[in-house]
Amino acid sequence: MLLTIVALVVGGVIGLATGGKLRHAASRRIAWWGLLVIGFGLELAADRVLTGSASYAAMIAGPVCLLLWAAGNARLTGVGLVALGVLLNGLVLTLDRGMPVERAALARAGVIATRAAPVSVGGHRHHVATAADRFRVLDDRIALGPSHQVVSAGDIVLAVGTANLVVHLLWYQPVYQRSRRPRWANEGLGSRLARAFGRRGPSVT
């Protein structure tokens, strides 16, 4: 969750620094907001509120809601990566009834002193990885030392997709704004270079 928040901030900073506008994002039509809210709500409840079979059901239902939201917004740049990250994490949560966390990664991140040190993983969605876990290749095994966080490959993909989505939402311009831009703003790189050197470039349709 922390990595996703960081991705939102980074995407916002990059988008604004490269000419994006908040009003562009506000004017972009995003479908099925309710599924997005429900999906994140279920993931939070599975980790902090629910226990046992109820928590496991929420672990499955949360990613399903997020994937449905992604399907309804597939046209947005970055949503494909968001969906892939959610899918990868969802597979691990389903097969291993939670997200296994590797002891070696916890040690590298400075959460525990050594691999053999006792550790208590907070929340109900995570547990220390054991030989009984069947999908450990995609579990939490990537140590982010400075933040003392351990994340999965799915988390990384989700973060990149989130940042990409935010950047492009800030870059987006409604049709009525694009129609008022000068003709040269719609030209391709070749036409701009040709015009700059005094030659006629290819026409723009």
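Within the hydrophobic cluster formed by Ile, Leu, Val, Met, Phe, Trp and Tyr side chains joined at under 4.5 Å, directly or through other members, I38 is accompanied by L42.
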Quick one, D133 with H127, criterion side chain to side chain donor-acceptor pair (under 3.5 Å). Give me CA distance, side-chain angles, the key distance, then yes/no. CA-CA 10 Å; D133 293 312; H127 60 266; 3.0 Å; yes
Audit row: L165, L169, side-chain contact (heavy atoms from CB on, under 4.5 Å) steps and yes/no: CA-CA 6 Å; L165 173 61; L169 286 176; 4.1 Å; yes
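Using a distance-only test at 3.5 Å, with no hydrogens or angles considered, a donor-acceptor pair links the side chain of H148 to the main chain of A109. Using a distance-only test at 3.5 Å, with no hydrogens or angles considered, no donor-acceptor pair links the side chain of H126 to the main chain of V101. Looking only at distances, a side-chain donor or acceptor of S55 sits under 3.5 Å from a matching main-chain atom of A46. Remark: side-chain polar atoms of W171 are not paired, donor with acceptor, to backbone N or O of K21 under 3.5 angstrom. Side chain of Y56 to main chain of R125: no donor-acceptor pair is present (N/O by atom type, distance under 3.5 Å, no hydrogens or angles). Side-chain atoms of R115 do not come within 3.5 Å of backbone N or O of R103 as any donor-acceptor pair.
Cluster membership for M99 and L84, using ILVMFWY side-chain heavy atoms within less than 4.5 angstrom, is shared. Under a hydrophobic clustering in which Ile, Leu, Val, Met, Phe, Trp and Tyr are joined whenever their side-chain heavy atoms come within less than 4.5 Å, directly or via other members, V166 and W32 fall into different clusters. L2 and L158 fall into different hydrophobic clusters, defined by Ile, Leu, Val, Met, Phe, Trp and Tyr side-chain heavy atoms under 4.5 Å apart, directly or through other members. Taking hydrophobic clusters as Ile, Leu, Val, Met, Phe, Trp and Tyr residues chained together by side-chain heavy-atom distances below 4.5 Å, M59 does not share a cluster with V121. Under the 4.5 Å side-chain contact rule for hydrophobic residues, L67 and W69 share a cluster.
Residues L44 and V49 fail the side-chain proximity criterion, which asks for heavy atoms closer than 4.5 Å. Residues L66 and L36 are in side-chain contact: their nearest non-hydrogen atoms beyond the backbone lie under 4.5 Å apart. The side-chain heavy atoms of P100 and T130, taken from C-beta on, include no pair separated by under 4.5 Å. No side-chain heavy atom of D139 sits under 4.5 Å from any side-chain heavy atom of D96.
Here the closest non-hydrogen pair linking A105 and D140 is CB-O, 4.3 Å. Taking both residues in full, the closest heavy atoms of V167 and G15 are given as CG2-N, 4.0 Å, listed atom of the first, atom of the second, then distance. Taking both residues in full, the closest heavy atoms of V79 and N73 are given as CG2-O, 3.5 Å, listed atom of the first, atom of the second, then distance. What you find for R28 and Y172 is that their closest heavy atoms are NH1-CE1, 3.2 Å. Of all heavy-atom pairs between G39 and C65, the closest is CA-CB, 3.8 Å. Among all heavy-atom pairs drawn from N89 and S152, the shortest one is OD1-OG, 2.7 Å.
Rounding to the nearest 0.5 Å gives a distance of 8.0 Å between CD of Q149 and CG of L3. Interatomic distance, R23 CZ to L170 CG, rounded to the nearest 0.5 Å: 11.5 Å. In this structure, CZ on R136 lies 4.0 Å from CD on E102, to the nearest 0.5 angstrom. Taking CG of L138 as the start and CG of L93 as the end, the distance is 11.0 Å to the nearest 0.5 Å. In this structure, N164 CG and T77 OG1 are separated by 6.5 Å, a value rounded to the nearest 0.5 Å. Here the CD1 atom belonging to I142 is positioned 8.0 Å from the CG atom belonging to D155, to the nearest 0.5 angstrom.
Surrounding CG of L22 are at most 12 heavy atoms belonging to other residues, nucleotides or ligands under 6.0 Å away. Summarising the local packing, CZ of R29 is surrounded by 12 or fewer heavy atoms from other residues, nucleotides or ligands at distances under 6.0 Å.
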